[in-house]
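Reading through the structure tokens given below for one structure.
Reminder, nothing fancy here: chain letters follow the sequence lines and each chain counts from 1.
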2 protein chains.
Amino acid sequence: MDQMENQVTDTPKGQLSARIHHDIEQRILLGEWAPGFRIPLERELMETYGCARMTVNKALSALAASGLIERRRKAGSFVSQPLSQSAVIEIPDVRAEVEAIGQVYRLEVVSRQQRRSTRDDMERLNVQSPRQVLAIHCRHFAGRRVHAFEDRLIDLVSVPEAVDISFADEPPGTWLRGHVPWSEAENRISAFNADSMLATRLDVKEGSACLQVERSTWRGKRPITAVRMFYPGETYRLVAHFSPKGAMPRRDSA
Amino acid sequence: MDQMENQVTDTPKGQLSARIHHDIEQRILLGEWAPGFRIPLERELMETYGCARMTVNKALSALAASGLIERRRKAGSFVSQPLSQSAVIEIPDVRAEVEAIGQVYRLEVVSRQQRRSTRDDMERLNVQSPRQVLAIHCRHFAGRRVHAFEDRLIDLVSVPEAVDISFADEPPGTWLRGHVPWSEAENRISAFNADSMLATRLDVKEGSACLQVERSTWRGKRPITAVRMFYPGETYRLVAHFSPKGAMPRRDSA
DNA sequence: TGACACGTTATGTATATACATATTAACGTT
DNA sequence: AACGTTAATATGTATATACATAACGTGTCA
């Protein structure tokens, strides 16, 4: 039996389950199997590849977990209807980011203040009750240019160890990443014109376009930190790349 | 033997494999098991949960596929060292986006031109050889305000059907999503000050901050489309949310 | 004609088993 | 002591089997 010949692309060597996964993924991504298309039943695939049902099942389960297909009992497996676009953005460490473009990194702590949370702080951390927080303003330099201005709040209830850290050597983000686990983060990206204060801090002309990345991080239900990173518009580009092949985002902290 | 009692959080009901997966994920995300920590061996987990090794293996394999843990033969399974931050950004359909904020959507095609690709076009599509392309400029309205200005190129070699589409009713992105599958996309997000031309098109003051989202899409190695979306800085916010629980990005087109 | 029980189907999950493979540790020879 | 061989170990993959579960269709009985 030579059902093997109706393969879409060259099937790579490797384990059978991975090959089935890859074959189906390719068929879907290259459009041969459009959204809504009913994928061959486990039985059929099992005969096509000459393997046990569990092997097919493993491949299909993985595809379902990745959202590429949907499975319904009795009905079969169907190629998912894409609902909204998505992409994975990589947000590297500031220092690594600067050094990646061949510049010398330098950190300048503008201010560091421990205080009882203000109304604004509480809103940024998305909490109701007042608490001790650490507010840090710092500038990240790439060579002699200001690469970014950081305005960070750390919840000292969740991260009491932060009280003893000066952040003179290590950026808050890097320190947090190494010391505090997190489970959820939310990012908001927007553009706006620099006001006089920000213009001074970023060393750009007043009114020039800036990119602002706001990020809030939680561990479970407890807020960890809320940060606003300001980048001069010409300097910074956020690259989001989506490659469906194993594109599961890696977790990270801070 | 009551190893069950040292559970971190309440383990939800559900299938065993899913429960093991969830337990371990929680332990990692909540920091009990730090990066580098060696996860109990399959054998041990198998005894802890009183199940077969395959059941444990399925859970661990899934965690490894999602990047949360790494597995090495003989050595065991380890909590991954997070390398860079990542997040999943959802880029909804423009129309849906406008209607989501309770506004009436309207599309205005400013220009629609079929032409042989210019040097600039080829660079945007990232191709070497000249070809027929469709260049579309259009404005997306939210009520009476300009929500976004779109500057799109479509590769007519990859998408010949596009020749017959006027895009008077349906935005190019929406049409492409429904008709053309894709396998890879790259997004670049940046901020800049509107020049006079863009200011006119977006109906904002010259010099005001704009957010630009550039996106290129491929099917396999063939380019599909390259688009530049310009948003008034005050209007648009790109929300990226990362929830490690089943956060695998869904694929989509255009 | 309608309600309901029942069988069929396809997936969902778990098991015991088997063998492959990568890696480390132990051992023995030179 | 240095080196290579071998055994033990833990994961990787596949299989056959079993039973659960959801959904659909059908047939029976009122």
Side-chain angles (χ1 to χ4, degrees), chain A residues 1 3-4 11-25 27-28 33 35-81 245-246 248, chain B residues 3-4 11-25 27-28 33 36-81 245-246 248:
Chain A
M1 46 197 93
Q3 293 104 319
M4 299 301 269
T11 57
K13 72 284 171 197
Q15 301 314 318
L16 192 48
S17 182
R19 233 182 67 202
I20 300 174
H21 183 110
H22 176 265
D23 282 3
I24 296 175
E25 187 181 64
R27 280 199 155 93
I28 295 173
W33 290 349
F37 178 87
R38 204 195 75 170
I39 285 171
L41 302 177
E42 291 191 343
R43 282 257 211 98
E44 301 171 309
L45 288 169
M46 162 183 160
E47 280 180 21
T48 303
Y49 289 92
C51 65
R53 188 168 76 90
M54 272 304 295
T55 310
V56 172
N57 184 285
K58 213 175 176 183
L60 293 183
S61 296
L63 285 166
S66 78
L68 208 60
I69 68 172
E70 275 162 33
R71 315 194 71 192
R72 291 208 311 278
R73 286 185 169 148
K74 163 74 182 173
S77 303
F78 300 84
V79 178
S80 298
Q81 289 290 349
K245 283 172 63 169
M248 184 65 181
Chain B
Q3 292 105 322
M4 298 302 269
T11 58
K13 72 281 173 200
Q15 301 314 318
L16 193 47
S17 182
R19 232 182 68 201
I20 300 174
H21 182 110
H22 177 265
D23 281 3
I24 296 174
E25 187 181 64
R27 281 199 155 94
I28 295 172
W33 291 349
F37 178 86
R38 205 196 73 171
I39 285 171
L41 302 176
E42 291 191 342
R43 284 259 206 96
E44 301 171 310
L45 288 170
M46 164 185 159
E47 279 182 22
T48 303
Y49 289 92
C51 65
R53 188 168 75 91
M54 272 302 296
T55 308
V56 171
N57 184 285
K58 214 175 175 181
L60 292 183
S61 297
L63 285 166
S66 77
L68 209 60
I69 69 172
E70 276 163 32
R71 315 194 71 190
R72 291 207 313 277
R73 283 185 170 147
K74 165 73 183 172
S77 303
F78 302 83
V79 178
S80 297
Q81 288 291 350
K245 283 174 62 168
M248 183 65 181

### Query
Roughly how many Å is it from CZ in R38(A) to C1' in dT9(C), rounded to a whole number?
11 Å

### Query
Which atom names give the shortest non-hydrogen contact between L41(B) and G76(B), and what distance separates them?
CD2-CA, 4.3 Å

### Query
What's the shortest heavy-atom distance between G67(A) and S80(A), and which atoms?
O-OG, 2.9 Å

### Query
To the side chain of Q15(A), which of dT11(C), dT13(D), dT15(C) is closest?
dT13(D)

#### Entry: Distance-minimising heavy-atom pair for S66(A) and L63(A)
OG-O, 2.9 Å

### Task
Round to a whole Å and report the spacing from CZ of R72(B) to P of dA25(C).
12 Å

### Message
For N57(A) versus E42(A), what's the shortest heavy-atom pair and its separation?
### Response
ND2-OE2, 2.9 Å

### Given DNA chain D, 5'-ward residue of the pair A75(A) and L41(B), judged by closest heavy atom
L41(B)

### Message
On the nucleotide dG12(D), are OP1 or OP2 found under 4.0 Å from the side-chain N or O atoms that R71(B) carries?
### Response
yes

### Task
Choose from dA14(D), dT9(D), dT11(C) the nucleotide whose nearest atom is closest to any side-chain atom of K74(B).
dT9(D)

### Summary
Ranking dA14(D), dA16(C), dG12(D) by distance to the side chain of L16(A), first place goes to dA14(D)

### Message
Please determine whether a side-chain nitrogen or oxygen atom of T55(A) lies at a distance below 4.0 Å from atom OP1 or OP2 of dT15(D).
### Response
yes

### Task
Provide, to the nearest angstrom, the distance between the CD atom belonging to E42(B) and the P atom belonging to dA16(C).
15 Å

## Note on the structure
When rounded to whole Å, the CG to P distance for the pair N57(A) and dA20(D) reads 18 Å

### Query
K58(A) has an atom NZ; how far is it from atom P of dT13(C), in whole Å?
14 Å

#### Entry: Residue met sooner reading DNA chain D from 5', once R73(A) and C51(A) are mapped to nucleotides
C51(A)

### For P40(B) against F37(B), the heavy-atom pair lying closest together
CD-CE2, 4.4 Å

### Query
What integer distance in Å separates Y49(B):OH from dA14(C):P?
13 Å

### Query
Rounded to whole angstroms, how far apart are CG on L45(B) and C1' on dT15(C)?
17 Å

#### Entry: Base dG12(C) to side chain R53(A), donor-acceptor N/O within 3.5 Å cut-off
yes

### Interatomic distance, M54(A) CE vs dT13(D) P [rounded to whole Å]
13 Å

